[in-house]
Asks: 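A single structure is presented below for examination.
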Amino acid sequence: MKPSIPQGTRDFSPAEVRKRQYILGILKEIFEEYGFLPLETPAMENLTTLTGKYGEEGDRLIFKILNNGLHDKKEEAKSKLNEEWAKMLEKPYNTPKVTERALRYDLTIPFARFVVMHQHELAFPFRRYQMQPVWRADRPQKGRYREFWQCDADVVGSASLINEAELLCIYRSAFHKMKLPGVVVKVNSRKLLAGLAEICNAPDKMMDITIALDKLDKIGWEGVTKELQQRNIEQSGIDTIEKIISVTGSNEEKLRVLEQLMGTSNSALAGITELRDTLKYHDALKSNEWKSELQVDISLARGLNYYTGVIVEVVSNAVKMGSIGGGGRYDNLTGLFGLKNMSGVGVSFGIDRIYDVLDELKLFPENLDITTQVLLVNFGKEDELYSLKVMQQLRTEGISAEIYPDNIKFDKQMKYANKRSIPYVIIIGEQERAEQKVSLKNFVTGEQQVLSIVDAIDILKGT
RNA sequence: GAGGCUAUAGCUCAGUUGGUUAGAGCGUCGGAUUGUGGUUCCGAAGGUCGUGGGUUCGAGACCCAUUAGCCUCCCCA
């Protein structure tokens with residue numbers, strides 16, 4: 001049979017894993033630096049944990065897991081299952097008989113579930129980071145996969161805007177460490193968007209307005225106007241929106257003008273205040289080394305409807321690609337699972353996209369592909385036994401070493417070392433063994449010398 | 001959910017208005033060269049042309065269906 005993998009999934013070759021680990025390593029380091037603790041949750045959740053949390057569209061994209069009731073030995077149970085199957089096929093919907101588990105769709109909802117289940121053991125505010133794959137039954141395309149990784153950091157149990165500011169700093173610090181150019185961290189507030197809907201006389205149409213507005217970059221103001229008309233927004237409202245999104249200047253200047261334009265809405269004023277306070281905290285925390293921009297952007301919307309306060313999204317202008325991260329404040333996330341008054345805020349890094357961007361811009365460090373430092377050539381018989389001892393000595397000294405396990409032709413072994421980009425080869429034959437020495441060949445320069453084991457170790461350690 | 005493109009060797013792809021025995025590069029394996037890699041040279045293996053049907057004297061090519069992959073919109077990371 002022809003080997004294949006499911007649509008939207010990928011193998012990661014050793015070189016790719018190295019690169020991915022480079023990204024994960026930077027994130028992990030920063031998360032820990034900011035006091036976040038690691039968490040892992042199962043790949044699958046109970047279906048009821050996930051449904052209804054991501055909107056109608058999201059629900060459709062959840063990967064459901066078939067019950068394995070087929071192992072049930074009772075004929076009665078089997079026929080019951082067949083009935084359910086038939087029902088499901090007739091008009092597509094799910095019954096608990098057929099599926100009651102699903103692959104996790106993101107890391108936030110499982111986190112909320114975890115917090116509620118472990119509320120008595122946790123010290124609040126609880127900060128956790130989590131880096132694991134998630135699955136979506138989406139149609140794959142460039143930069144979009146059915147299995148992809150998310151790296152989230154969330155704080156739950158604190159309403160302070162210091163958390164928002166810290167998360168903004170995590171973004172800026174991480175992309176600074178990756179040397180990613182053209183990074184723009186956009187912030188907005190759901191309250192501001194709610195206020196916008198209010199002053200457009202359409203308080204119940206916040207989602208319609210924000211979805212249309214979110215496309216500003218893509219389809220321009222003309223396209224957005226059309227979309228707003230389609231969504232039945234009054235012309236006076238559209239004019240107001242135009243005025244508001246045309247506001248330019250520094251973040252503080254923007255906020256000042258927005259305050260004048262939207263002063264009649266308490267919600268908008270609350271949004272402006274929280275953005276102002278977040279920026280104030282951020283300014284106290286920030287490093288002058290960071291080259292990314294932090295922009296208040298009222299056209300920023302985020303799809304997930306559990307956000308209630310500050311929202312954030314990160315893009316890189318250096319590459320044509322969707323957002324590489326996003327997040328926001330959700331006031332009542334754990335309320336869904338029965339734990340009230342537990343405000344949370346979090347950010348997510350889309351490392352698959354970050355990978356694509358870094359790869360395209362050739363920003364991965366070059367030394368990532370170094371693996372084994374030295375290969376011992378195998379000459380068979382007593383030579384290889386002596387080589388094994390030498391090899392363990394090297395490993396004890398912290399030098400990664402491997403022996404070619406089979407006694408095949410010399411040049412094949414050399415070709416192997418070359419292909420693996422192993423920088424050193426140790427040759428131990430009869431002569432070297434008799435003298436208790438090794439021949440050390442530098443594969444980059446081609447130089448070779450006969451040395452005592454101690455001297456060889458010194459050279460290998462020096463590089 | 002809507003639309004577009006593609007499918008030929010392990011990989012990337014040629015293949016003329018339909019015409020004899022389907023090609024190249026890379027990779028793999030063997031040899032030149034069993035104590036010295038990269039470069040080079042010689043040789044070999046490897047294909048029911050995605051699958052099923054149709055048109056035709058004749059189909060890798062044309063038509064229909066089907067499956068899979070890629071991409072765009074929607075939505076999202």
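Note that the coordinates shown come from a computational prediction; the quantities given were computed from them, not determined experimentally. Just so it is clear: chains get the letters A, B, ... in the order the sequence lines come, proteins before strands, and each one is counted from 1.
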Asks: Do A:Phe63 and A:Tyr105 have ring centres separated by under 6.0 Å?
Replies: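 Not close enough - the centres of the two rings lie 6.0 Å or further apart.
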
Asks: What nucleic acid atoms does A:Glu432 come within less than 4.0 Å of, heavy atoms only: base, sugar-phosphate, or nothing?
Replies: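 It contacts base atoms.
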
Asks: More than 12 heavy atoms of other residues, nucleotides or ligands under 6.0 Å from CD of A:Glu32: is that the case?
Replies: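 Yes - once you tally the heavy atoms of other residues, nucleotides and ligands closer than 6.0 Å, there are more than 12.
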
Asks: Is there a Watson-Crick or G-U wobble partner for B:rU21 with both distances under 3.5 Å, and which nucleotide is it?
Replies: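 Its partner is none (no Watson-Crick or G-U wobble pair with both distances under 3.5 Å).
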
Asks: From the set B:rU36, B:rA77, B:rC71, return the single nucleotide nearest to any side-chain atom of A:Gln141.
Replies: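 For the A:Gln141 side chain, the nearest candidate turns out to be B:rC71.
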
Asks: Just call it for A:Ser348: base, sugar-phosphate, or nothing, with non-hydrogen atoms closer than 4.0 Å on any strand.
Replies: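 Nothing, no nucleic acid heavy atom in range.
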
Asks: Return the value, rounded to whole Å, for the distance between atom CG of A:Asp356 and atom P of B:rC76.
Replies: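 Those two atoms, CG and P, are 20 Å apart.
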
Asks: State the pairing partner of B:rU39; accept Watson-Crick or G-U wobble contacts with both distances under 3.5 Å, and report none otherwise.
Replies: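 With both distances under 3.5 Å required, B:rU39 matches none.
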
Asks: Given B:rC71, B:rG37, B:rA77, which nucleotide is nearest the side-chain atoms of A:Asp411?
Replies: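 Side chain of A:Asp411 sits closest to B:rG37.
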
Asks: Mind checking if A:Gly325 touches a base, just sugar-phosphate, or nothing, with heavy atoms under 4.0 Å?
Replies: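 Result for A:Gly325 = sugar-phosphate.
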
Asks: Can A:Tyr281 and A:Glu166 be counted as having a side-chain donor-acceptor contact under 3.5 angstrom?
Replies: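 No, no side-chain donor-acceptor contact under 3.5 Å.
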
Asks: What contact category does A:Gln413 fall into here, base, sugar-phosphate, or nothing, at under 4.0 angstrom with non-hydrogen atoms?
Replies: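 Counting heavy atoms under 4.0 Å across all strands, no contact is made by A:Gln413.
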
Asks: Is the shortest distance from a Lys or Arg side-chain nitrogen in A:Lys177 or A:Glu29 to a carboxylate oxygen in the other one below 4.0 Å?
Replies: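 Answer for the salt bridge query: yes.
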
Asks: Describe the nucleic acid contact of A:Gly429 in one word from base, sugar-phosphate, nothing, applying a heavy-atom distance below 4.0 Å.
Replies: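 A:Gly429: base contact, heavy atoms under 4.0 Å.
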
Asks: Just the atom pairs and distances: protein N or O near nucleotides 2-8 of chain B's N or O, under 3.5 Å.
Replies:
none

Asks: Counting only Watson-Crick pairs (N1-N3 plus N6-O4 or O6-N4) and G-U wobbles (N1-O2, O6-N3), all under 3.5 Å, who is the partner of B:rG10?
Replies: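 B:rG10 is paired with B:rC26.
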
Asks: Now, which nucleotide makes the Watson-Crick or G-U wobble pair with B:rA2, with each of the two distances under 3.5 Å?
Replies: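 Result: B:rU72.
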
Asks: Using atom P in both nucleotides, what's the gap between B:rA24 and B:rC41 to the nearest angstrom?
Replies: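 About 16 Å, rounded to a whole number of Å.
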
Asks: Produce the list of close N/O pairs, under 3.5 Å, pairing protein atoms with atoms of nucleotides 28-32 of chain B; give distances to one decimal.
Replies:
from   : atom 1 : to       : atom 2 : distance (Å)
B:rU28 : OP1    : A:Lys419 : NZ     : 2.3
B:rG30 : OP2    : A:Lys412 : NZ     : 3.2
B:rG31 : OP2    : A:Lys409 : NZ     : 3.3

Asks: Expressed in angstrom and rounded to an integer, what is the separation of A:Tyr404 atom OH from B:rG37 atom P?
Replies: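 Taking OH of A:Tyr404 and P of B:rG37, I get 15 Å after rounding.
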
Asks: Output yes if the stacking criterion (under 5.5 Å between centres, under 30° between planes) is met for A:Phe349 over the base of B:rA77, else no.
Replies: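 No; by the centre-distance and plane-angle rule, A:Phe349 does not count as stacking on B:rA77.
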
Asks: Using the ring of A:Tyr34 (Phe, Tyr or Trp, six-membered ring only), decide whether A:Arg127 places NZ or CZ under 6.0 Å from its centre and within 45 degrees of its axis.
Replies: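 No - A:Arg127 does not lie over the ring of A:Tyr34 by the 6.0 Å and 45° rule.
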
Asks: Could you give the CD-to-P distance, from A:Glu447 to B:rG38, as a whole number of Å?
Replies: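 Rounded to whole Å, this separation is 19 Å.
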
Asks: Looking only at side-chain atoms of A:Lys441, point me to the closest of B:rC74, B:rG35, B:rG37.
Replies: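 Nearest listed nucleotide: B:rG37.
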
Asks: Salt bridge or not for A:Glu45 and A:Lys53, using N-O below 4.0 Å?
Replies: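 Not counted as a salt bridge, because no side-chain N and carboxylate O are separated by less than 4.0 Å.
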
Asks: Atom CZ of A:Phe410 to atom P of B:rU36: distance rounded to whole Å?
Replies: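 Checked: the CZ to P distance equals 7 Å.
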
Asks: Does a salt bridge link A:Asp352 with A:Arg20, judged by any charged N lying under 4.0 Å from a carboxylate O?
Replies: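 Yes, A:Asp352 and A:Arg20 are salt-bridged.
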
Asks: Write down the distance separating the P atoms in B:rG4 and B:rC63, rounded off to the nearest Å.
Replies: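 Pairwise P distance, B:rG4 against B:rC63, rounds to 15 Å.
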
Asks: For B:rA59, give its Watson-Crick or G-U wobble partner with both distances under 3.5 Å, or none.
Replies: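 Partner of B:rA59: none found under 3.5 Å.
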
Asks: With C1' as the reference atom in both, quote the distance from B:rA14 to B:rG30 in angstrom, rounded to an integer.
Replies: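 Between the two C1' atoms, the distance is 28 Å.
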
Asks: Closest to the A:Phe443 side chain: B:rA77, B:rG35, B:rG37?
Replies: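 So the side chain of A:Phe443 is nearest to B:rG37.
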
Asks: Will you find, in the side chains of A:Glu274 and A:Ser189, an N or O donor that is under 3.5 Å from an N or O acceptor?
Replies: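 Indeed, the side chains of A:Glu274 and A:Ser189 share at least one donor-acceptor pair under 3.5 Å.
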
Asks: Would you indicate what A:Glu430 reaches in the nucleic acid, counting non-hydrogen atoms under 4.0 angstrom: base, sugar-phosphate, or nothing?
Replies: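 The answer is base, as A:Glu430 lies within the cut-off (heavy atoms under 4.0 Å) of a base atom.
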
Asks: Work out how far the P atom of B:rC42 is from that of B:rU33, and round it to whole angstrom.
Replies: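 It works out to 16 Å between them.
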
Asks: Would you measure the distance from the C1' atom in B:rG58 across to the matching atom in B:rU21 and give it in whole Å?
Replies: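 Per the computed distance, 16 Å lies between those C1' atoms.
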
Asks: For B:rU16, which nucleotide is its Watson-Crick or G-U wobble mate, given both distances must be under 3.5 Å?
Replies: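 Base partner found: none.
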
Asks: Between atom CD in A:Gln7 and atom P in B:rU67, what is the gap in whole Å?
Replies: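 Going from CD in A:Gln7 over to P in B:rU67 covers 13 Å.
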
Asks: What is the separation between atom CD on A:Gln449 and atom C1' on B:rG35, rounded to the nearest whole Å?
Replies: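 Going from A:Gln449 (CD) to B:rG35 (C1'), I get 17 Å.
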
Asks: Provide, to the nearest angstrom, the distance between the CZ atom belonging to A:Phe175 and the C1' atom belonging to B:rA77.
Replies: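 Going from A:Phe175 (CZ) to B:rA77 (C1'), I get 11 Å.
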
Asks: Partner of B:rU34 by Watson-Crick or G-U wobble geometry, both contacts under 3.5 Å, or none?
Replies: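 Checking every strand shown, B:rU34 finds no partner, since no pair has both distances under 3.5 Å.
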
Asks: Can you check whether A:Ser452 reaches A:Gln436 side chain to side chain, under 4.5 Å on heavy atoms?
Replies: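 No, their side chains stay 4.5 Å or more apart.
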
Asks: Suppose you measure atom P in B:rC26 against the same atom in B:rG38; what distance do you get, rounded to whole Å?
Replies: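 These two P atoms come out 15 Å apart once rounded.
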
Asks: May I ask you to say what A:Ile211 touches in the nucleic acid, namely base, sugar-phosphate or nothing, with a heavy-atom cut-off under 4.0 Å?
Replies: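 A:Ile211: backbone/sugar contact only, no base atoms under 4.0 Å.
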
Asks: Partners of A:Ser292 by side chain to side chain donor-acceptor pair (under 3.5 Å), sequence neighbours excluded?
Replies: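 For A:Ser292 the side chain to side chain donor-acceptor pair (under 3.5 Å) partners, ignoring immediate neighbours, are A:Arg172.
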
Asks: For A:Tyr416, which contact category applies under a 4.0 Å heavy-atom criterion: base, sugar-phosphate, or nothing?
Replies: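 It contacts nothing in the nucleic acid.
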
Asks: Decide if the gap between the ring center of A:Phe175 and the ring center of A:Phe349 is smaller than 6.0 angstrom.
Replies: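 Close enough - the centres of the two rings lie under 6.0 Å apart.
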
Asks: RNA chain B: A:Gly446 or A:Arg144, which has the more 5' nearest nucleotide?
Replies: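 Nearer the 5' end of the strand: A:Gly446.
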
Asks: Which part of the nucleic acid, if any, lies within reach of A:Ile324 when heavy atoms closer than 4.0 Å are counted: base, sugar-phosphate only, or nothing?
Replies: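 Sugar-phosphate contact only - A:Ile324 comes under 4.0 Å of backbone atoms but never of a base.
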
Asks: Output the rounded distance in Å from CD1 (A:Ile428) to C1' (B:rU36).
Replies: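 The distance from CD1 of A:Ile428 to C1' of B:rU36 comes to 15 Å, rounded to the nearest Å.
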
Asks: Sticking with atom P, work out how far B:rU6 lies from B:rC62, rounded to a whole angstrom.
Replies: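 Roughly 10 Å separates the two P atoms.
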
Asks: Counting only Watson-Crick or G-U wobble pairs whose two distances fall under 3.5 Å, which nucleotide matches B:rC49?
Replies: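 Paired with B:rC49, as far as the under-3.5 Å criterion goes, is no nucleotide at all.
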
Asks: Does A:Val116 form a side-chain contact (heavy atoms from CB on, under 4.5 Å) with A:Phe114? I'd like the steps, not just the answer.
Replies: CA-CA 5 Å; A:Val116 175; A:Phe114 172 87; over 6 Å; no

Asks: How far does the P atom of B:rG23 sit from the matching atom of B:rU39, given to the nearest Å?
Replies: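 My reading of the P atoms in B:rG23 and B:rU39 gives 28 Å.
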
Asks: Which is more 5' along RNA chain B, the nucleotide nearest A:Gly143 or the one nearest A:Gly8? Just name the residue.
Replies: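 Here A:Gly8 is the residue nearer the 5' end.
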
Asks: Show the numbers, then the answer: is there a side chain to side chain donor-acceptor pair (under 3.5 Å) between A:Gln130 and A:Arg128?
Replies: CA-CA 7 Å; A:Gln130 190 171 356; A:Arg128 82 88 173 78; 2.9 Å; yes

